[in-house]
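Working notes, beginning with the structure itself.
Treat the numbers as computed from the prediction; the structure is a model and nothing was measured. Just so it is clear, the values below take in all heavy atoms, side chains as well, and ignore hydrogens, waters and symmetry mates.
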Amino acid sequence: MCCHSVITVRSMEERRACEERLGQVVEKMKKEGIDMSQWRLGTFQRTICPQCEGGSTEERSLSVFIREDGTHGNWTCFRANCGWKGYTQPDGVPKAYQAKKDSGNENESDQEVKANQPVKVIRKLREEDLRLEPLCDELVTYFSERMISAKTLRRNNVSQRKRNNKIVIAFTYRRDKVLVGCKYREVSKKFSQEANTEKILYGLDDIKQARDIIIVEGEIDKLSMEEAGYCNCVSVPDGAPAQVSNKLPDKDHDKKYSYLWNCKEYLDPASRIILATDADPPGQALAEELARRLGKERCWRVKWPKKNETEFCKDANEVLMFLGPRALKEVIEGAELYPIRGLFNFKDFFPEIDSYYLGIHGDELGIPTGWKCMDGLYKVVPGELTIVTGVPNSGKSEWIDALLCNINNQCGWKFVLCSMENKASHCLLSMLSSLSFHSTPRNNDDFGV
């Protein structure tokens, strides 16, 4: 359930605290029997009073108010025969602080109310409410077939529960060992999750103060990395986008990737972040979105190996299943710097340097001009631009015509001519006069034009 408000907070920590207060106030009101289809903050709402039920006319006589910053909520029934009223506030809000808020005397550092910023009430999960159970033998076998050991499953608190009349796998999301969210997966790869929980990375506690971090696209990929010896790995909670977005939003509007901002204090200490997302287009789009937010200068990317003669592995779990943990470790060890426009790796030019040194193509050092006295000073090299300059009427065009004829005669090259001064017929006559005939040409193809 969402609450709409006018809140802006200066940091993610303050925002998180505000959302926790709002969640507590809403839950306490629900325990009093007050419930809304949609909660609105900072404004009075009307609903049916749970005490008098609005009388015979079912009048919406109960007025409910929650402060935008979540520091308190109150209600009053205005039916003369009822008059029920009450007040609640979240745990841990000092009365002196509350009195200062109510009097309007809070200073600028305390002020959290500004314009047009929606806030979602974050749900606090409790272990007992989820009714999680240890994995059954069938699900342990399912993971075993994917090369995930029971030891890894236990360390990561992978559980099961009955949901919608089905037994599903439960991946618990925790911060400082406290349950924050829970994502469910059916064996058929259908996903769902607990609603209105805070978005964080899966396995967050494993990267606390880590200098090297691996980010993957799914929970099973995170478990696969652990089988290869890498516990410093987390998974994104929501999968990959279809394509890279055109514009990078500011953090207050970056809803799709809010988990990065919520986990910023864990990601900031890392000097190297290896992006091991899936090899498909959405996975590569996710890598780009992550790199844009985390800083490409500290990001690295992996190249997934072949799993057979025709196919490449798609993700970490496929490498583990088809090639084993050693191969997955080699993938991480072989990670390369994330591409940055204008920044090159010297080894990227090795094939070109080898071709030049070995003369594989035969023209790396240039082809002769047809004049031995000139070949020691100049040769025509493919891909290079040659500019011929000189005073007017010094013979520039005639020399170029003769050069083209020589190259055509010796190497068979063909050319496209563009002259801003002469007609096509004049260019052809000039070339004919420059050409030393070994045999009489019979058609235009013999001139290479």
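- The number of heavy-atom neighbours closer than 6.0 Å to NZ of Lys396, taken from other residues, nucleotides and ligands shown, is above 12.
- When all heavy atoms of Ala402 and Trp371 are compared, the closest pair comes out as CB-CZ2, 3.8 Å.
- Ala270 and Arg298 get closest at one heavy-atom pair: O-NH1, 2.8 Å.
- Applying the 6.0 Å contact sphere to CG of Asp250 captures more than 12 heavy atoms from other residues, nucleotides or ligands.
- Shown here for Cys18 and Glu68, the closest heavy-atom pair between the two residues is SG-O, 3.9 Å.
- One finds no salt bridge joining Lys379 and Asp375 here, because no Lys/Arg side-chain nitrogen approaches an Asp/Glu carboxylate oxygen to under 4.0 Å.
- The main-chain N or O of Leu179 is never found under 3.5 Å from a side-chain atom of Glu127 such that the two would form a donor-acceptor pair.
- Side-chain contact between Leu223 and Glu227 is absent, with no heavy-atom pair separated by less than 4.5 Å.
- Distance check: Asp221 CG to Leu328 CG gives 9.0 Å after rounding to the nearest 0.5 Å.
- You'll find the side chain of Val187 stays beyond 4.5 Å of the side chain of Glu138, heavy atoms only.
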Next item on the list: Could you please spell out the steps behind the side chain to side chain contact (heavy atoms under 4.5 Å, CB included) verdict for Gln284 and Thr277?
Entry: CA-CA 7 Å; Gln284 297 308 297; Thr277 55; 4.3 Å; yes

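- Between Tyr87 and His72, the angle of the ring planes stays under 30°, which puts this pair in the parallel group of the 30/60° scheme.
- When the shell of 6.0 Å around CD of Gln410 is examined, it contains more than 12 heavy atoms from other residues, nucleotides or ligands.
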Next item on the list: Evaluate side chain to side chain contact (heavy atoms under 4.5 Å, CB included) for Asp206 paired with Val234, printing each intermediate quantity in order.
Entry: CA-CA 8 Å; Asp206 287 340; Val234 289; 5.6 Å; no

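- When the options Glu194, Glu20, Glu19 are evaluated for a salt bridge (Lys or Arg N to Asp or Glu O under 4.0 Å) with Lys124, the one that passes is Glu20.
- Here the closest heavy-atom approach between residue Pro382 and residue Trp413 is recorded as CG-CH2, 4.0 Å.
- The two residues Cys182 and Leu130 have their closest heavy-atom pair at CB-CD1, 4.0 Å.
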Check: Do Leu417 and Leu404 pass the side chain to side chain contact (heavy atoms under 4.5 Å, CB included) test, and can you show the C-alpha distance, the side-chain angles, and the key distance before you say yes or no?
Finding: CA-CA 10 Å; Leu417 300 180; Leu404 299 187; 3.2 Å; yes

Next item on the list: Step by step, work out the side chain to side chain contact (heavy atoms under 4.5 Å, CB included) result for Val158 and Glu219.
Entry: CA-CA 10 Å; Val158 182; Glu219 292 83 2; over 6 Å; no

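- Expressed to the nearest 0.5 Å, how far CZ of Arg174 lies from CG of Leu125 amounts to 10.0 Å.
- At distances below 3.5 Å, at least one donor-acceptor pair connects side-chain atoms of Arg211 with backbone N or O atoms of Pro269.
- Between the side chain of Arg146 and the backbone N or O of Asn317 there is no donor-acceptor pair closer than 3.5 Å.
- A salt bridge links Arg292 with Glu289: at least one charged nitrogen is closer than 4.0 Å to a carboxylate oxygen.
- Between the side chain of Asn232 and the main chain of Ile214, no donor-acceptor pair closer than 3.5 Å is present.
- By the neighbour-count criterion of 12 heavy atoms within 6.0 Å, atom NZ of Lys303 is sparsely surrounded, having that number or fewer from other residues, nucleotides or ligands.
- Salt bridge absent: Lys31 and Glu27 never bring a charged side-chain N and a carboxylate O closer than 4.0 Å.
- The neighbour count for Lys256 NZ, taken as heavy atoms of other residues, nucleotides or ligands under 6.0 Å away, is above 12.
- Side-chain contact check for Glu330 versus Leu323: every heavy-atom pair is 4.5 Å or farther apart.
- Nearest approach of Asn156 to Glu226, heavy atoms of both residues: ND2-OE1, 3.1 Å.
- In this structure a side-chain-to-backbone donor-acceptor pair under 3.5 Å is missing from Trp300 to Ala276.
- Ser224 places a side-chain N or O within donor-acceptor distance of the main-chain N or O of Ile220, the cut-off being under 3.5 Å.
- For the atom pair CD1 (Ile66) and OG1 (Thr43), the distance works out to 11.0 Å, reported to the nearest 0.5 Å.
- For the pair Asp238 and Gln193, the minimum side-chain heavy-atom distance is below 4.5 Å.
- In this structure, Glu198 contributes its side chain and Val180 its backbone to no donor-acceptor pair below 3.5 Å.
- Judged by the 6.0 Å distance and 45° axis criteria, Lys183 is not positioned over the aromatic ring of Tyr173.
- At distances below 3.5 Å, not a single donor-acceptor pair connects side-chain atoms of Glu288 with backbone N or O atoms of Val244.
- Counting heavy atoms from C-beta on, the side chains of Leu135 and Phe143 come closer than 4.5 Å.
- Side-chain contact between Leu320 and Ile148: present, with at least one pair of heavy atoms (C-beta onward) separated by less than 4.5 Å.
- A donor-acceptor distance shorter than 3.5 angstrom exists from the side chain of Asn406 to the backbone of Thr369, with no hydrogens or angles considered.
- Taking CD1 from Ile169 and CD from Gln160, the interatomic distance works out to 9.0 Å, rounded to the nearest 0.5 Å.
- By the 6.0 Å contact criterion, NZ on Lys329 is open, its count of non-hydrogen atoms from other residues, nucleotides or ligands being 12 or less.
- With hydrogens and angles disregarded, a donor-acceptor distance shorter than 3.5 Å links the side chain of Gln45 to the backbone of Arg40.
- Glu186 is listed as a side-chain neighbour of Lys166, based on a closest heavy-atom distance under 4.5 Å.
- Contact of the Glu32 side chain with the Trp75 side chain is registered, since non-hydrogen atoms from C-beta on lie closer than 4.5 Å.
- Between atom NZ of residue Lys255 and atom NE2 of residue His253 there is a gap of 7.0 Å, rounded to the nearest 0.5 Å.
- The CD atom of Glu217 sits 6.0 Å away from the CG atom of Asp280 when rounded to the nearest 0.5 Å.
- In summary, the side chains of Tyr378 and Thr386 do present a donor paired with an acceptor at a separation below 3.5 Å, with no hydrogens or angles considered.
- Looking at Lys264, Arg293, Lys199 one by one, the single match for salt bridge (Lys or Arg N to Asp or Glu O under 4.0 Å) with Asp254 turns out to be Arg293.
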